[in-house]
Structure formats: structure tokens, C-alpha cells
Q: 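Here it is: the structure, laid out below.
The structure displayed is predicted, hence computed values, not measured ones. Sequential numbering from 1 along the given sequence is applied to the chain's residues.
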Amino acid sequence: MTYCYVCPHRCGVDRPESFKDPALETGEHYFGSCRMPMAPVVARAGLHMWEEPVISGTKGSGTVFFTGCNLHCVFCQNYEISDEGFGKEITVERLQEIYQELIAKGAHNINLVTPTHFTEAVVKSLSKPLPVPVVYNTSGFESPDTLRKLKGKVQIYLPDLKWYDDKAAIKYSNAPYYFRIATTAIKEMYKQVGDYEINDEGLMQKGVLIRHLIMPGMLDNTKKIIDWVAESFKPGQVMFSLMRQYVPHGRAEAYPEINRKVTDEEYAELEAYLMNSPIEDGFVQEDSEAACKDFIPCFDGTGV
């Protein structure tokens with residue numbers, strides 16, 4: 001049996017090894033919050049140019065988009081795969097082949113997008129070191145015990161830090177105690193990889209890059225996140241990315257207060273707040289064109 005405690009939801013269910021598991025017909029196995037089996041399910045794999053410049057570089061980040069998620073953000077830009085389940089179940093061996101195919105295409109790194117619920121498969125797939133850094137691209141809703149299994153296998157952690165407001169975390173992401181859990185996880189990530197390093201080509205080789213997506217009408221939430229990063233890390237330790245790319249997607253229309261983009265005035269206030277903080281290392285998205293569905297990848301099974 002595989003009782004699953006891989007993420008902070010700690011569902012404790014006996015997740016099936018595969019969607020094809022015969023035991024599913026008898027109800028002997030159950031899906032947890034992620035709604036996925038233990039075998040990896042992937043929706044897309046390819047070179048991605050729309051990460052931060054230190055990740056995408058000039059040739060692209062070798063992204064592997066996993067299906068399912070341990071969060072259920074009502075506005076998720078990857079809603080088709082995070083909640084609707086599009087993807088193809090593959091073996092660990094096929095996952096390793098995908099890494100090599102992306103590297104052969106010139107990928108600067110291997111970027112694992114929402115991999116948490118497939119951690120066991122990911123650990124097996126990284127049994128041999130890769131010639132490029134491995135990026136663990138996560139919602140931030142992580143268990144320290146799970147992260148420790150990745151020590152030495154992941155060189156770059158790319159966590160979201162979505163919510164300071166716990167009520168918002170529950171309402172929009174089904175993530176109780178998100179801020180406490182995510183900040184504890186980020187400290188574990190930093191403990192593993194240490195201060196960030198950028199090579200002569202401007203590419204991140206190791207470290208933590210914390211992302212925060214500005215939400216409409218939630219300026220205090222963003223300011224509290226900036227405050228925590230500034231108080232927790234010194235310049236040169238981590239990078240911070242303030243993202244303006246929120247666009248209503250998924251089930252956002254059911255929540256009128258977030259069924260709009262961030263205004264120019266909201267963004268200007270938060271950018272000024274960041275610039276006046278002690279944070280020195282990172283990125284902003286000044287261009288309002290970033291909030292566009294054209295930047296959402298096409299999840300059509302490419303590269304799988």
C-alpha cells in the first residue's frame with residue numbers, strides 16, 4: 001500500500017500506482033487532493049521562453065508540465081491540467097528520456113512544473129545527475145520532509161509565495177495555513193541550496209527564486225509578502241519576482257472580486273513598495289501586456 005503524506009494536506013489515502021490499476025474497479029484505492037496516481041502524468045514538455053530571464057535565458061527552459069496539483073486555485077492559469085486532468089500517464093523511464101530530449105534541444109535547465117504529488121517518481125527519475133540544473137517549480141505548499149528527499153537532486157527552487165492572508169488562501173486555493181507552511185518550506189529550500197549563483201551567461205545555476213503573483217484588490221497581501229522576504233533574507237541570498245501577469249482563468253468568474261486584472265495604479269503602488277524595501281535582487285513585470293492568456297502554454301501533449 002502507498003499511503004500518501006507527500007504534501008501538507010496529508011490525505012493518507014492509498015493512491016493507486018496507475019490509472020490502470022485493477023484495484024480501482026473494486027474501490028480499494030483512493031485519490032487524494034491531487035487526484036492523481038503515483039505514476040507521473042504529464043501534459044506538455046518543451047522549451048519555455050516565458051520564465052524569468054535567469055531561468056529561460058536565450059534558448060529556453062526545459063519545462064515538464066505535470067498534471068494535477070495539491071492546490072486548487074480557482075484562478076489557475078494552468079486550470080486545464082491542474083483541475084481538469086488533461087495529460088498522459090508515463091513511466092519514470094519515459095520521464096528520463098524527456099529530460100534528455102529537452103537537453104538535446106538546448107534547454108538551459110530541466111524545469112519541473114507542479115511536481116509535488118509525483119515526488120517519488122521525480123526522485124527516481126533524477127537518480128543520475130543531469131548536465132544542467134534541475135528547477136523545482138512549485139506552489140510553495142510543501143512538506144519539509146518531502147523536500148529533504150530532493151536534497152542534492154534539485155539545484156534551483158522556484159516557489160510561489162502566494163498568500164499571507166490565510167482566509168484568502170482557504171477561499172481561493174484550498175490551502176489552510178498556507179503562509180506558515182510555505183515560508184517554512186522556503187527556508188528548507190534555502191538551507192539545501194544556499195545563496196543563489198548566476199553564471200557568466202546570466203543563467204541561474206543554483207539558489208531560490210521566490211515568486212509572488214499580485215492579486216487584484218489585495219495590496220496588503222502583497223506588502224506582507226514583500227516584508228517577510230525582506231526580513232528573512234539578506235541581499236545576495238535569494239531572488240524575488242513580483243509578477244503582474246494575473247489574468248482571470250479557471251473558475252475566477254465565480255468570484256467577482258478577482259474577476260479582473262490588476263490595475264496600473266495597484267501595480268505602481270506595489271512596485272514602489274518593493275523598490276523601497278531592502279530587497280535588491282530580482283524581477284518586476286512593468287508591462288501590463290504580461291497579463292494575457294496568450295502566454296498560457298498550449299497543453300496538447302507536445303513532447304510527451
Side-chain angles (χ1 to χ4, degrees), residues 6-7 40 42 45-66 92 95-161 182-212 229 232-241 281-283 303:
V6 72
C7 88
V42 178
L47 297 180
H48 192 56
M49 297 301 302
W50 302 327
E51 307 285 31
E52 286 78 2
V54 294
I55 302 295
S56 285
T58 58
K59 298 179 182 178
S61 178
T63 50
V64 181
F65 288 92
F66 291 97
V92 169
L95 187 56
Q96 291 173 319
E97 291 174 357
I98 289 173
Y99 299 162
Q100 296 303 324
E101 290 167 5
L102 292 172
I103 292 169
K105 292 178 180 178
H108 295 302
N109 46 60
I110 295 299
N111 186 348
L112 308 176
V113 183
T114 32
T116 304
H117 44 300
F118 298 122
T119 298
E120 297 296 334
V122 166
V123 169
K124 292 176 183 177
S125 75
L126 297 174
S127 57
K128 295 181 181 179
L130 298 178
V132 297
V134 175
V135 180
Y136 195 80
N137 190 334
T138 164
S139 68
F141 198 65
E142 299 282 352
S143 163
D145 289 341
T146 296
L147 291 173
R148 291 184 189 108
K149 296 179 181 180
L150 297 162
K151 185 176 181 180
K153 299 181 183 297
V154 169
Q155 289 73 48
I156 300 171
Y157 281 104
L158 193 60
D160 289 340
L161 187 48
T183 52
T184 299
I186 288 170
K187 289 178 180 178
E188 171 61 28
M189 295 172 190
Y190 177 74
K191 181 180 178 182
Q192 287 186 22
V193 297
D195 298 351
Y196 75 85
E197 292 182 1
I198 308 292
N199 68 10
D200 293 340
E201 298 177 2
L203 296 169
M204 198 170 191
Q205 299 301 290
K206 77 177 189 75
V208 179
L209 198 169
I210 301 168
R211 288 172 158 174
H212 174 70
V229 174
S232 301
F233 299 101
K234 298 176 182 178
Q237 291 187 325
V238 302
M239 303 190 83
F240 182 73
S241 181
D281 311 304
F283 304 91

Q: Under the side-chain hydrogen bond (donor to acceptor under 3.5 Å, both in side chains) test, which residues partner Gln96, sequence neighbours left out?
A: none
Q: Quick one: side chain to side chain contact (heavy atoms under 4.5 Å, CB included) partners of Leu47, sequence neighbours excluded?
A: Lys105, Ala107
Q: Kindly write out the residues that satisfy side-chain hydrogen bond (donor to acceptor under 3.5 Å, both in side chains) with Ser232, not counting sequence neighbours, or none if the list is empty.
A: Trp228
Q: What distance separates Gln192 CD from Lys206 NZ, expressed to the nearest 0.5 Å?
A: 11.5 Å
Q: Judged by atom type as modelled, is there a donor-acceptor pair below 3.5 Å linking the side chain of Ser61 to the main-chain atoms of His48?
A: no
Q: Would you please name every residue forming a side-chain hydrogen bond (donor to acceptor under 3.5 Å, both in side chains) with Glu197, sequence neighbours left out?
A: none
Q: I need the Ile156 CD1 to Met239 CE distance, nearest 0.5 Å.
A: 10.5 Å
Q: The criterion is side chain to side chain contact (heavy atoms under 4.5 Å, CB included); which residues satisfy it with Asp145, sequence neighbours excluded?
A: Ser143, Arg148
Q: So how far is it from Leu158 CG to Ile55 CD1, rounded to the nearest 0.5 Å?
A: 5.5 Å
Q: Listed by chain and number, what are the side chain to side chain contact (heavy atoms under 4.5 Å, CB included) partners of Val134, not counting sequence neighbours?
A: Leu112, Leu126, Leu130, Val154, Gln155
Q: Closest approach of Gly140 and Ala185, non-hydrogen atoms and distance?
A: O-CB, 3.9 Å
Q: Can you find a heavy atom in the side chain of Pro159 that is under 4.5 Å from one in the side chain of Met189?
A: yes
Q: Kindly write out the residues that satisfy side chain to side chain contact (heavy atoms under 4.5 Å, CB included) with Pro235, not counting sequence neighbours, or none if the list is empty.
A: Glu280, Asp281
Q: Mind running side chain to side chain contact (heavy atoms under 4.5 Å, CB included) on Val64 and Leu102 for me, showing each step along the way?
A: CA-CA 9 Å; Val64 181; Leu102 292 172; 4.0 Å; yes
Q: Quick one: does any side-chain atom of Ser139 pair with a main-chain N or O of Asp160 as donor and acceptor, under 3.5 Å?
A: no
Q: Of the non-hydrogen atoms in Asp195 and Gly236, which two are nearest, and what is the gap between them?
A: CB-O, 3.5 Å
Q: Are the side chain of Asn199 and the backbone N or O of Gln205 linked by a donor-acceptor pair below 3.5 Å?
A: no
Q: With a 4.5 Å limit on heavy-atom distance, are the side chains of Val54 and Phe283 in contact?
A: yes
Q: Under 4.5 Å between any side-chain heavy atoms of Ile110 and Ile103, yes or no?
A: yes
Q: So, does Thr138 use its side chain to make a donor-acceptor pair with the main chain of Thr114 at under 3.5 Å?
A: no
Q: Should the heavy atoms of other residues, nucleotides or ligands under 6.0 Å from NZ of Lys124 be counted, would the total exceed 12?
A: no
Q: Output every pair passing salt bridge (Lys or Arg N to Asp or Glu O under 4.0 Å) with a member in residues 47-57, not counting sequence neighbours, ordered by first then second residue.
A: Glu51-Arg211, Glu52-Arg211
Q: Sequence neighbours left out, what pairs pass ring-ring contact (aromatic ring centres under 6.0 Å, His included) with at least one residue falling in residues 190-211?
A: Tyr190-Phe233
Q: Applying ring-ring contact (aromatic ring centres under 6.0 Å, His included) as the test, list every pair that has at least one member in residues 103-138; sequence neighbours left out.
A: Phe66-Phe118, Tyr136-Tyr157
Q: What residues form a salt bridge (Lys or Arg N to Asp or Glu O under 4.0 Å) with Lys149, not counting sequence neighbours?
A: Glu120
Q: Show the nearest heavy-atom pair for residues Pro53 and Leu203, with the distance to one decimal.
A: O-CD2, 4.2 Å
Q: Restricting to side-chain hydrogen bond (donor to acceptor under 3.5 Å, both in side chains), what partner residues turn up for Ser125, sequence neighbours left out?
A: Tyr99
Q: Mind listing the closest non-hydrogen atom pair of Met204 and Pro133 along with its distance?
A: O-CG, 4.1 Å
Q: Could you report the tightest heavy-atom contact between Ala45 and Ile98, atom names first, then the distance?
A: CB-CG2, 3.6 Å
Q: How many angstroms lie between CD1 in Ile210 and CG in Leu161, if you round to the nearest 0.5 Å?
A: 6.5 Å
